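Shown next, in structure tokens, is the structure this report addresses.
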Number of protein chains: 2
Amino acid sequence: MSHALITYFKQISHLSESSEEALKALIHTQSIPKNQDLQHIGQTCKTLYFLKSGLARIYYFHDGNDVTEGFYEPFCLIARAESLFAGVPSKKAIQVLEDAEVWSISTKDLFGLYDTHRDIERLFTRLFEGAYVQTIQRIENLQFHSADERYQLLAQEQPEVLRRVPLKYIASYLGITQVSLSRIRAKKS
Amino acid sequence: MSHALITYFKQISHLSESSEEALKALIHTQSIPKNQDLQHIGQTCKTLYFLKSGLARIYYFHDGNDVTEGFYEPFCLIARAESLFAGVPSKKAIQVLEDAEVWSISTKDLFGLYDTHRDIERLFTRLFEGAYVQTIQRIENLQFHSADERYQLLAQEQPEVLRRVPLKYIASYLGITQVSLSRIRAKKS
DNA sequence: AAGTTAATTTAACATTTGATAAATATATTA
DNA sequence: TAATATATTTATCAAATGTTAAATTAACTT
């Protein structure tokens with residue numbers, strides 16, 4: 001029986017039959033209702049998530065304000081890498097924005113497979129490299145584009161987010177206030 | 001004879017005697033004069049750099065303007081990861097800001113050691129994880145701090161940069177104009 | 001050292017974005 | 001459906017940052 005997540009993994013990096021089975025055994029599936037946290041602020045990141053359906057965000061509080069760090073669509077690796085790799089509690093939470101089906105993998109279990117299954121190690125190294133590259137590109141975006149341009153870029157890269165996510169979450173992701181975002185949208189139409 | 005870079009590596013992650021030797025054999029040393037590019041725009045990243053002395057930056061052009069992406073001090077991994085991991089030419093260059101001694105390692109040679117020297121693979125995975133974590137933290141900084149706050153943060157984290165780097169490079173790193181930066185500094189004193 | 005170039009500061013004004021509050025629209029619940 | 005809570009837009013004014021140009025300072029060259 002093929003597993004959609006494993007199928008996706010195999011597009012990223014080759015997996016042996018045995019690695020495929022070993023990895024499949026680690027994947028848990030959960031249903032999470034809209035607006036619920038998948039991981040809370042203060043927990044150390046020890047689980048990797050992938051959405052089967054729905055939409056999620058990572059958020060934190062800055063001076064009491066809710067700030068969205070990123071939006072995540074199905075099959076995209078969701079993890080708080082700054083906590084995972086530093087081994088410290090995360091100031092960020094993962095929240096599901098719609099009723100969602102979620103796949104999760106314990107990092108402890110996963111890393112335990114690295115010694116005997118190098119292809120699995122390679123796969124996840126690749127996934128994290130991809131996430132790293134996206135993070136670099138996001139800096140370019142934040143560093144030298146106006147709020148307006150950042151909005152256009154989001155519209156290009158994650159159009160679903162604009163359609164399905166409340167503006168208040170989008171505004172902080174773009175680094176502006178809701179009011180500013182509302183103005184930017186008003187100019188378009 | 002101990003090699004300063006290897007000594008640094010061993011603080012990050014354990015290396016066997018043989019890995020230490022294999023790695024040492026890959027390290028090249030060069031002297032680069034002030035303001036010279038170590039890698040040019042358009043080249044695909046195939047070399048990792050570490051400064052023995054001096055100071056460097058990664059920069060690119062946005063709408064004809066020189067934008068500094070980051071500053072690098074001795075022993076810090078310098079690479080254009082978005083090019084290395086995607087295998088595409090980089091829009092960014094690496095420039096030395098002072099006369100510098102540079103260690104370099106070919107990624108092809110390095111990756112060739114991964115199969116036989118897992119501790120080397122682990123070491124570099126760690127180095128890139130560290131760079132990734134820093135990139136995430138930089139986003140937090142850019143996303144919700146004023147120009148003033150971003151300047152203070154740089155002063156805390158890389159005070160040497162403020163002392164030794166021309167303001168024009170610092171301004172674009174902070175995502176503001178030179179004139180704005182000058183104003184911010186004027187307020188302090 | 002004088003002359004030249006480059007870097008930094010200052011000033012004046014324009015534009016963008018923030019803050020606050022009120023008005024409107026949309027979604028949720030009894 | 002009515003009532004209530006949430007989300008979004010609009011308006012006004014204040015603050016931050018951008019743009020351009022000129023003045024000053026520092027660095028480099030002959």
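In what follows, chains are A, B, ... by sequence order, proteins preceding strands, each numbered from 1. Keep in mind that what you see is a predicted model, and the values were worked out from it rather than measured.
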Nearest listed nucleotide, side chain of [X], among [options]:
X: B:Arg183; options: C:dT17, C:dA12, D:dT10; value: C:dA12
X: A:Ala186; options: D:dT10, D:dA7, C:dT8; value: D:dT10
X: A:Ala147; options: C:dT8, C:dT17, C:dA21; value: C:dT17

* Please work out if A:Ser180 contacts a base, only the sugar-phosphate, or nothing of the nucleic acid, heavy-atom cut-off 4.0 Å. => sugar-phosphate
Taking atom [atom2] of [N] as reference, at what distance in whole Å does atom [atom1] of [X] sit?
X: B:Tyr169; N: C:dA6; atom1: OH; atom2: P; result: 12 Å
X: A:Ile184; N: C:dT17; atom1: CD1; atom2: P; result: 6 Å
X: B:Asp66; N: C:dA6; atom1: CG; atom2: P; result: 15 Å
X: A:Ile170; N: D:dA7; atom1: CD1; atom2: P; result: 13 Å
X: B:Leu174; N: D:dA16; atom1: CG; atom2: P; result: 17 Å
X: A:Leu167; N: D:dT9; atom1: CG; atom2: P; result: 5 Å
X: B:Asp148; N: D:dA16; atom1: CG; atom2: P; result: 9 Å
X: A:Ile176; N: D:dT17; atom1: CD1; atom2: C1'; result: 15 Å

* Of B:Val179 and A:Gly175, whose nearest nucleotide on DNA chain C comes first from the 5' end? -> B:Val179
* **Distance below 4.0 Å between A:Thr177 side-chain N/O and C:dT17 OP1 or OP2** => no
* So, is A:Arg185 near the phosphate of D:dT9, with a side-chain N or O under 4.0 Å from OP1 or OP2? -> yes
* **Exercise: do A:Ser90 and A:Glu82 side chains pair donor with acceptor under 3.5 Å** => yes
* Asked: Does one side chain, of A:Tyr49 or A:Gln39, offer a donor that lies under 3.5 Å from an acceptor on the other?
  -> yes
* Starting at the 5' end of DNA chain D and moving along, which residue's nearest nucleotide shows up first, A:Gln178 or B:Ser146? -> A:Gln178
* Structure fact -> Assign each of A:Val165 and B:His145 the nucleotide of DNA chain D bearing its closest heavy atom; nearer the 5' end lies the nucleotide of A:Val165
* Are B:Arg118 and A:Tyr114 in a cation-pi contact, defined as NZ or CZ under 6.0 Å from the six-membered ring centre and within 45° of the axis? -> no
* Decide ring-ring contact (aromatic ring centres under 6.0 Å, His included) for A:Trp103 and A:Tyr8; before the verdict, give the C-alpha distance in whole Å, the side-chain angles of both, and the deciding distance to 0.1 Å. => CA-CA 13 Å; A:Trp103 291 305; A:Tyr8 167 73; 9.1 Å; no
* Asked: Quick one: do B:Arg57 and B:Asp66 make a salt bridge, cutoff under 4.0 Å?
  -> yes
